[in-house]
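One structure is given here, and the rest of the page talks about it.
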Amino acid sequence: HNGQSQWITSEAARRDGHAWRKRAGALLTGIGTVLEDDPRLDVRLVETPVQPVRVVVDSRLDMPPTARILQEPGAAWIYTSAAASDKSVLLANQGCTVVHCPATPSGKVDLNWLLQDLAQRGVNELHLEAGHKLNGSFLRENLVDELLLYLAPKLLGPGAGLAHIGPFDQLTQALNWVYTDIAQVGPDLRILARKADAAAG
């Protein structure tokens with residue numbers, strides 16, 4: 001409940017997760033994760049000839065210039081709905097790509113527009129590693145094709161949760177998925193699932 005998470009899963013699972021990071025064109029997270037955890041969000045537990053691009057959804061452009069996600073190796077792209085400012089120039093001068101994009105009525109980054117822009121920039125596989133708020137936004141807008149979940153054999157009680165999508169009042173409101181692969185990785189389980197309609201098609 002207090003955000004402590006290192007480490008719930010095993011080293012084997014973390015290494016496996018980096019192998020999945022390696023295959024992505026870009027890794028995406030939100031500014032909340034950057035401010036709370038200061039992640040590198042790179043591939044370092046397995047060898048890779050090319051680092052995926054790190055993408056941050058940062059509606060208000062709160063990115064600290066000292067954040068580790070902006071440091072090499074690899075490029076960093078920041079998507080913001082904030083107007084151009086001295087802050088965006090500063091970040092661009094550090095080597096970041098700052099993309100000013102349309103905002104939703106609530107002032108957030110338009111995620112559909114973001115995905116289209118990433119596709120135009122050559123990203124054909126996007127790996128989302130974010131907190132429950134941004135995960136929930138992608139799920140609610142039906143923008144997730146596949147789930148990659150690691151399940152440790154531990155009971156921890158209430159926590160932050162995977163994604164903020166409810167609460168639902170009826171079981172019929174559930175988002176339905178189909179398991180496509182389940183494997184044991186070290187002491188943990190790796191579960192791969194696709195949207196039920198996509199798996200059926």
Side-chain angles (χ1 to χ4, degrees), residues 13-34 39-59 63 67-81 88 91-92 95-104 108-150 162-163 165 175-183 185 190-201:
R14 296 194 297 276
R15 189 164 49 248
D16 190 71
H18 277 239
W20 282 84
R21 282 183 180 181
K22 173 182 175 178
R23 60 177 271 174
L27 310 173
L28 184 145
T29 195
I31 187 61
T33 296
V34 172
R40 291 166 56 180
L41 202 67
D42 57 5
V43 178
R44 57 191 180 276
L45 299 184
V46 296
E47 291 187 13
T48 182
V50 179
Q51 287 285 340
V53 175
R54 279 87 50 88
V55 178
V56 182
V57 177
D58 184 4
S59 297
M63 176 66 72
R68 295 199 303 168
I69 201 167
L70 304 181
Q71 299 169 10
E72 294 185 347
W77 299 348
I78 303 170
Y79 281 76
T80 183
S81 50
S88 56
L91 292 167
C96 304
T97 298
V98 180
V99 182
H100 295 274
C101 55
T104 64
K108 302 291 186 183
V109 167
D110 183 323
L111 298 179
N112 279 281
W113 189 94
L114 177 152
L115 292 180
Q116 292 175 18
D117 188 73
L118 287 176
Q120 291 175 358
R121 293 172 187 264
V123 175
N124 61 4
E125 181 170 336
L126 178 66
H127 189 109
L128 171 65
E129 288 191 40
H132 66 282
K133 291 180 181 178
L134 188 57
N135 286 345
S137 295
F138 270 87
L139 286 165
R140 284 193 305 273
E141 295 187 35
N142 198 29
L143 300 176
V144 179
D145 297 315
E146 193 170 62
L147 296 176
L148 177 66
L149 305 171
Y150 292 89
L162 169 71
I165 56 172
L175 306 181
N176 294 309
W177 299 81
V178 174
Y179 294 136
T180 57
D181 184 66
I182 299 174
V185 180
R190 183 188 65 211
I191 301 170
L192 199 63
R194 292 191 65 81
K195 284 191 299 190
D197 54 350

Scan the side chains in residues 111-118 for donor-acceptor partners under 3.5 Å anywhere in the protein, sequence neighbours excluded, and list what turns up.
residue: Asn112; atom: ND2; partner: Glu141; partner atom: OE1; Å: 3.3
residue: Asp117; atom: OD2; partner: Tyr79; partner atom: OH; Å: 2.6
residue: Asp117; atom: OD2; partner: Arg121; partner atom: NE; Å: 2.6

**Asked** So which pairs with a foot in residues 67-77 pass side-chain hydrogen bond (donor to acceptor under 3.5 Å, both in side chains), sequence neighbours left out?
**Response**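 Qualifying pairs, neighbours excluded: none.
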For [X] and [Y], work out which heavy atoms get closest and say how close.
X      : Y      : result
Ala67  : Val34  : CB-CG1, 4.0 Å
Ala26  : Val55  : CB-CG2, 4.0 Å
Ala163 : Leu139 : CB-CD1, 3.5 Å
Pro52  : Val43  : CD-CG2, 3.7 Å

How long is the gap from [atom1] on [X] to [atom2] on [Y], to the nearest 0.5 Å?
X      : Y      : atom1 : atom2 : answer
Leu41  : Leu27  : CG    : CG    : 4.5 Å
Asn176 : Asp197 : CG    : CG    : 9.0 Å
Leu126 : Leu143 : CG    : CG    : 10.0 Å
Ile69  : Arg54  : CD1   : CZ    : 6.0 Å
Trp177 : Arg194 : CH2   : CZ    : 8.5 Å
Leu192 : Thr180 : CG    : OG1   : 3.5 Å

**Prompt:** Is there a donor-acceptor contact under 3.5 Å from the side chain of Gln51 to the main chain of Ala75?
**Reply:**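 No, Gln51 side chain to Ala75 backbone: no donor-acceptor pair under 3.5 Å.
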**Asked** Hey, does the side chain of Thr33 reach the backbone of Ala130 with a donor-acceptor pair shorter than 3.5 angstrom?
**Response**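 It does not hold such a pair.
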List in chain and number order the residues that pass side-chain hydrogen bond (donor to acceptor under 3.5 Å, both in side chains) with [X], two or more places apart in sequence or in another chain; answer none if no residue qualifies.
X      : answer
Glu129 : Arg21, His127
Thr104 : Ser106
Ser137 : Arg140

**Message:** Checking Lys195 against Val144 for the side chain to side chain contact (heavy atoms under 4.5 Å, CB included) test, could you report, in this order, the C-alpha distance in whole Å, the side-chain angles of both residues, the deciding distance, and whether it holds?
**Reply:** CA-CA 8 Å; Lys195 284 191 299 190; Val144 179; 5.8 Å; no
**Request:** Please lay out, stage by stage, how Leu70 and Val56 fare under the test side chain to side chain contact (heavy atoms under 4.5 Å, CB included).
**Result:** CA-CA 10 Å; Leu70 304 181; Val56 182; 5.8 Å; no
**Message:** For a side chain to side chain contact (heavy atoms under 4.5 Å, CB included) check, start with the C-alpha distance between Thr29 and Leu134, then their side-chain angles and the critical distance, and finish with the verdict.
**Reply:** CA-CA 8 Å; Thr29 195; Leu134 188 57; 5.7 Å; no
**Request:** Check step by step if side chain to side chain contact (heavy atoms under 4.5 Å, CB included) holds for Leu128 and Asn135.
**Result:** CA-CA 8 Å; Leu128 171 65; Asn135 286 345; 3.6 Å; yes
**Message:** Under the salt bridge (Lys or Arg N to Asp or Glu O under 4.0 Å) definition, can you give me all pairs with a residue in residues 43-52, not counting sequence neighbours?
**Reply:**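 Sorted result for residues 43-52: Asp42-Arg44.
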